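Single-structure report; data block below.
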Amino acid sequence: MAKQNDRPTLATVASRAGVSIKTASRVLNGEKHVAARTAEKVEDAAAELGFRLNSTARRLRAGGRSPYIGVVMSDGDDPFQARLFTLLEAELSRIGLRPVVTVTADDPDRERGFLDECLANDMTGICVIRSHPDAARFYADAASADVQIVSFDPSTAGPGVDLIAGDEELAGRLAATQLLNHGHISLGVIGDHSTSPITTARLAGIQSAFAGRSDVGWRAYMREDAHDLASAKNVVAAWLGSRSAPSALITLSATLTQGAIDACRRLDEWPALVGIDDFPAAELLDVTVVDRDVQSMAAEAVRRLQDPPGSGAGGGPRRGSARVPVHVIARGSGEESPDK
């Protein structure tokens with residue numbers, strides 16, 4: 001008698017089904033060209049013995065697709081990326097797909113290696129939450145391999161990539177307009193990667209809001225490439241410690257907003273502030289933000305990941321890029337007057 005804790009093996013499955021171990025392996029590993037009746041016997045034997053079937057292999061053998069989606073993030077601590085991934089994972093789970101995630105830490109070589117692994121393992125698709133600007137060229141190669149690619153990062157835009165993004169220029173313009181409307185003419189702007197299309201578009205929106213306003217000073221306070229919380233904190237602390245500190249701040253990402261708040265708290269100086277992208281503690285801290293409809297972004301990405309590679313729904317043309325709404329969430333920090 002077998003011991004109670006003995007686990008069934010491939011050999012016991014083959015014996016129960018009356019086939020060779022090689023045939024049982026071919027069935028359970030999803031190889032084609034196995035007679036349907038033979039495959040059924042092997043799978044029935046595996047089920048009776050409690051042998052763990054490879055559901056992915058069964059799906060592939062039946063002509064289906066892999067249930068795995070490769071997901072690229074640059075920073076797992078970034079509030080926007082974390083928020084979007086949580087919603088994306090929930091949407092994927094709803095239709096039986098599962099994410100395989102890499103956090104690249106802004107390393108383009110790591111990002112390229114992950115893409116190669118996704119292609120080698122025949123994943124159903126790739127979803128890019130944030131890419132390093134230098135890695136953008138890699139996605140053209142992946143798209144040519146007939147894999148569905150959906151991206152939230154404009155730096156990856158190109159043939160074969162479905163782009164889903166907010167109107168980043170409008171986001172910058174809304175942030176600047178919010179402060180101008182409350183009387184601010186001395187503004188500090190803290191940017192992210194200067195080569196990022198997101199940063200470039202947001203800065204263009206800010207400049208458009210200042211067009212024709214010779215009384216507005218901001219270039220002296222402009223700082224790009226303050227990419228993380230610590231660098232943003234140091235920049236804002238230096239500004240606030242000077243005799244000519246700006247009366248208001250615009251931060252171009254949630255991470256930079258948090259760094260700015262840390263500096264304000266440390267110095268007990270509280271200029272008006274509008275950040276782009278919401279984050280979990282923003283409401284508690286009364287921080288005004290410009291935000292994208294992240295729920296819609298996740299839902300639209302999953303709809304597109306279900307399309308056949310190289311086409312849109314129903315075999316039609318690809319859907320191309322999509323823009324989601326952006327809006328101001330006024331909570332107090334962006335509505336302070338310069339006098340206060």
Side-chain angles (χ1 to χ4, degrees), residues 67-103 124-131 148-157 161-175 178 192 196-199 201-202 205 251-258 274-307 312-313 318-334:
Y68 296 106
I69 299 292
V71 178
V72 178
M73 301 171 65
S74 67
D75 181 359
D77 292 327
D78 176 65
F80 170 76
Q81 295 185 55
R83 187 162 56 113
L84 183 50
F85 173 72
T86 298
L87 294 169
L88 180 67
E89 184 177 34
E91 291 287 338
L92 290 170
S93 177
R94 186 175 53 79
I95 59 170
L97 295 176
R98 295 190 290 277
V100 176
V101 187
T102 187
V103 179
T124 286
I126 298 169
C127 188
V128 185
I129 293 180
R130 187 67 76 243
S131 173
Q148 192 79 345
I149 302 176
V150 176
S151 178
F152 302 109
D153 189 335
S155 69
T156 62
V161 178
D162 280 4
L163 178 64
I164 302 169
D167 187 334
E168 305 297 355
E169 187 169 338
L170 176 59
R173 187 161 60 250
L174 289 174
Q178 188 74 2
D192 207 322
S196 164
I198 294 176
T199 297
R202 290 176 177 178
T251 48
L252 300 193
S253 76
T255 295
L256 303 183
T257 305
Q258 291 175 315
V274 177
I276 300 182
D277 291 333
D278 205 2
F279 58 98
E283 185 172 5
L284 179 65
L285 298 171
D286 300 325
V287 178
T288 295
V289 298
V290 178
D291 198 32
R292 293 166 277 186
D293 187 344
V294 181
Q295 179 68 65
S296 294
M297 294 173 75
E300 179 63 18
V302 173
R303 280 194 291 271
R304 294 183 181 221
L305 285 168
Q306 294 178 84
D307 289 346
R318 292 184 66 87
R319 304 185 197 188
S321 62
R323 283 189 172 182
V324 297
V326 298
H327 58 285
V328 175
I329 304 176
R331 298 191 177 114
S333 70

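The first residue of the sequence shown is numbered 1, and numbering continues consecutively from there. For clarity, every value in this text was computed on a predicted model and none was experimentally measured.
- By the side chain to side chain donor-acceptor pair (under 3.5 Å) test, Ser196 pairs with no residue at all, sequence neighbours left out.
- Using a distance-only test at 3.5 Å, with no hydrogens or angles considered, a donor-acceptor pair links the side chain of Asp291 to the main chain of Asp278.
- Legend: residues meeting side chain to side chain contact (heavy atoms under 4.5 Å, CB included) with Pro79, ordered by chain and number and at least two apart, are Ala254, Thr255, Gln258, Phe279, Pro280.
- For the atom pair Phe80 CZ and Met73 CE, the distance stands at 10.0 Å (nearest 0.5 Å).
- Between Ala165 and Phe152, the closest heavy-atom pair is CB-O, 4.3 Å.
- For the atom pair CG of Leu284 and CZ of Arg331, the computed distance is 10.0 Å after rounding to the nearest 0.5 Å.
- Asp277 is linked by a salt bridge (charged side-chain N to carboxylate O under 4.0 Å, His left out) to Arg202, Arg292, counting only residues two or more places apart in sequence or in another chain.
- With sequence neighbours left out, the salt bridge (charged side-chain N to carboxylate O under 4.0 Å, His left out) criterion links Glu91 to Arg94.
- A side chain to side chain contact (heavy atoms under 4.5 Å, CB included) with Val274 is found for one member of Val287, Ile329, Thr288 and no other, namely Thr288.
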For this session: Show the numbers, then the answer: is there a side chain to side chain contact (heavy atoms under 4.5 Å, CB included) between Asp78 and Arg130?
Result: CA-CA 10 Å; Asp78 176 65; Arg130 187 67 76 243; 5.6 Å; no

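- Taking the side chain as every heavy atom from C-beta outward, Leu305 and Thr124 never approach each other to under 4.5 Å.
- Every residue was checked against the salt bridge (charged side-chain N to carboxylate O under 4.0 Å, His left out) condition with Asp75, not counting sequence neighbours, and none meets it.
- Shown here for Glu168 and Ala201, the closest heavy-atom pair between the two residues is CB-CB, 3.7 Å.
- Contact of the Pro99 side chain with the Leu88 side chain is not registered, since no non-hydrogen atoms from C-beta on lie closer than 4.5 Å.
- Of the inter-residue distances, the one linking Gln178 atom CD with Ser333 atom OG reads 9.0 Å to the nearest 0.5 angstrom.
- Here Leu87 contributes atom CG and Met297 contributes atom CE; the two are 10.5 Å apart, rounded to the nearest 0.5 Å.
- Rounding to the nearest 0.5 Å gives a distance of 8.5 Å between CG of Leu174 and CG of Asp167.
- With sequence neighbours excluded, the residues that form a side chain to side chain contact (heavy atoms under 4.5 Å, CB included) with Thr251 are Ile190, Leu256, Thr257, Ala260, Leu273.
- Summarising the geometry of Val289 relative to Ala282, their closest heavy-atom pair is CG1-CB, 4.5 Å, with the distance given to 0.1 Å.
- Among residues two or more places apart in sequence or in another chain, the side chain to side chain contact (heavy atoms under 4.5 Å, CB included) test is passed with Asp293 by Gln295, Ser296, Pro325.
- Under a 3.5 Å cut-off, the side chain of Gln81 and the backbone N or O of Ser74 do form a donor-acceptor pair.
- A search for side chain to side chain donor-acceptor pair (under 3.5 Å) contacts involving Ser131 returns Glu111, not counting sequence neighbours.
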For this session: Step by step, work out the side chain to side chain contact (heavy atoms under 4.5 Å, CB included) result for Leu92 and Ile69.
Result: CA-CA 9 Å; Leu92 290 170; Ile69 299 292; 4.0 Å; yes

For this session: Tell me, with the steps shown, if Ile164 and Arg304 meet side chain to side chain contact (heavy atoms under 4.5 Å, CB included).
Result: CA-CA 10 Å; Ile164 302 169; Arg304 294 183 181 221; 4.0 Å; yes

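- To the nearest 0.5 Å, atom CD of residue Glu169 and atom CZ of residue Arg173 are 5.5 Å apart.
- Thr86 places a side-chain N or O within 3.5 Å of a backbone atom of Ala82 that can act as its donor or acceptor partner.
- Every residue two or more places apart in sequence or in another chain that forms a side chain to side chain contact (heavy atoms under 4.5 Å, CB included) with Ser151 is listed here: Val128, Asp153, Thr156, Val161, Leu163.
- Qualifying side chain to side chain donor-acceptor pair (under 3.5 Å) partners for Asp286, counting only residues two or more places apart in sequence or in other chains: none.
- A salt bridge does not link Asp162 to Arg303: none of the charged nitrogens lies less than 4.0 Å from a carboxylate oxygen.
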